[in-house]
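Input: a single structure, listed below in structure tokens.
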2 protein chains.
Amino acid sequence: MNIEIASRQLEALGNPSRLTIYRTLVRAGRAGLAVGQLQERMDMPGSTLSHHLKRLIDMGLVRQERAGTSLICHAEYSAMDALLGFLVNECCADEGNCLPPAVKMVRRTETVT
Amino acid sequence: MNIEIASRQLEALGNPSRLTIYRTLVRAGRAGLAVGQLQERMDMPGSTLSHHLKRLIDMGLVRQERAGTSLICHAEYSAMDALLGFLVNECCADEGNCLPPAVKMVRRTETVT
DNA sequence: GCGCTATTTCCAAAATAATGGAAATAGCTT
DNA sequence: AAGCTATTTCCATTATTTTGGAAATAGCGC
């Protein structure tokens with residue numbers, strides 16, 4: 001993880017449509033959601049949805065797997081975890097007093113570049 | 001905190017220059033950094049830096065306070081904490097299995113809309 | 001292979017973001 | 001108030017993002 005990747009992932013999530021897509025997928029849990037189901041919930045033209053999904057997939061935040069003629073989308077939790085880890089570490093890097101105790105507990109110890 | 005605010009904050013951080021600015025301010029700690037010092041470190045024209053700073057300030061991620069003729073910038077930790085809290089909650093909302101144990105410990109219990 | 005459903009890719013238009021020089025503003029100091 | 005330093009705002013340009021209709025592709029069942 002580094003500034004370039006982190007900023008691109010943040011940018012991918014930094015759009016209301018995409019953040020909603022991502023949240024919807026997280027809430028769908030392990031089962032995931034087909035693009036079509038997502039499209040119903042998001043009420044958005046297919047091509048627009050597809051562009052947004054591509055962005056999330058390119059940044060590793062979403063994964064698709066084919067089931068017959070549909071594509072099932074899954075939130076890629078590990079990517080979010082790495083991103084959160086990066087932010088927590090960046091945020092608390094030197095002072096250690098920027099987050100309340102509960103969050104400080106999870107500060108990572110590895111060095112971040 | 002809601003999707004609109006969260007996505008705008010994520011977008012603000014989702015640019016390599018701004019994420020670097022933010023990180024630099026975090027690392028500067030409580031003392032903060034004057035815009036001019038930040039400009040030296042970032043090696044960027046003043047107007048460009050000022051545009052980026054404005055964006056971070058507008059989203060509540062950075063605060064400025066005047067000290068004579070310079071403006072000292074500070075990372076606004078509480079905003080980052082709220083954003084991280086939102087992401088952790090969104091990410092673990094229904095399944096609770098998307099993050100490793102260390103991070104799961106800090107899941108918030110309040111409802112998120 | 002044909003028809004069908006699901007989804008992406010192609011293409012273009014409109015909107016927004018990024019960049020930076022030059023001029024304006026803010027606050028010192030004399 | 002003049003001169004100085006620090007920073008923002010104005011303005012314009014270029015680059016990127018967002019959006020979506022229409023055409024293309026993928027997989028299935030007959």
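Chain identifiers are assigned alphabetically (A, B, ...) following the order of the sequence lines, protein sequences preceding nucleic acid strands; residue numbering begins at 1 within each chain.
B/G46 comes within 4.0 angstrom of a base, heavy atoms only.
By the 4.5 Å heavy-atom criterion applied to side chains, B/F86 and B/Q9 are not counted as neighbours. Residues A/R66 and A/L71 have side chains in contact (heavy-atom distance under 4.5 Å, counting atoms from C-beta outward). Two residues are said to be in side-chain contact when any heavy atoms from C-beta on lie closer than 4.5 Å; A/Q64 and A/L53 meet this criterion. Using a 4.5 Å heavy-atom threshold, the side chains of A/M59 and A/E11 count as separate. Contact of the B/L10 side chain with the B/L87 side chain is registered, since non-hydrogen atoms from C-beta on lie closer than 4.5 Å.
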Sugar-phosphate or base contact per nucleotide [nucleotides 15-21 of chain C; S, B, -; heavy atom under 4.0 Å]: --SSBBB

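Remark: the backbone N or O of B/A12 is paired with a side-chain donor or acceptor of B/R18 at under 3.5 angstrom. Within the 3.5 Å criterion, the main-chain N or O of A/I3 finds a donor-acceptor partner in the side chain of A/S7.
Shortest non-hydrogen contact noted between B/L25 and B/C73 is CD2-O, 3.6 Å. Summarising the geometry of A/A79 relative to A/G60, their closest heavy-atom pair is CB-O, 3.1 Å, with the distance given to 0.1 Å.
Of the residues in residues 59-71 of chain A, those lying under 4.0 Å from DNA chain C by heavy-atom distance are A/Q64, A/T69, A/S70, A/L71.
For the side chain to side chain contact (heavy atoms under 4.5 Å, CB included) with B/T20, the qualifying choice from B/H52, B/R41, B/M42, B/M44 is B/M42, the only one to do so.
Scanning DNA chain D 5' to 3' for nucleotides with an atom closer than 4.0 angstrom to a non-hydrogen atom of chain B gives a first and last hit of D/dT5 to D/dC10.
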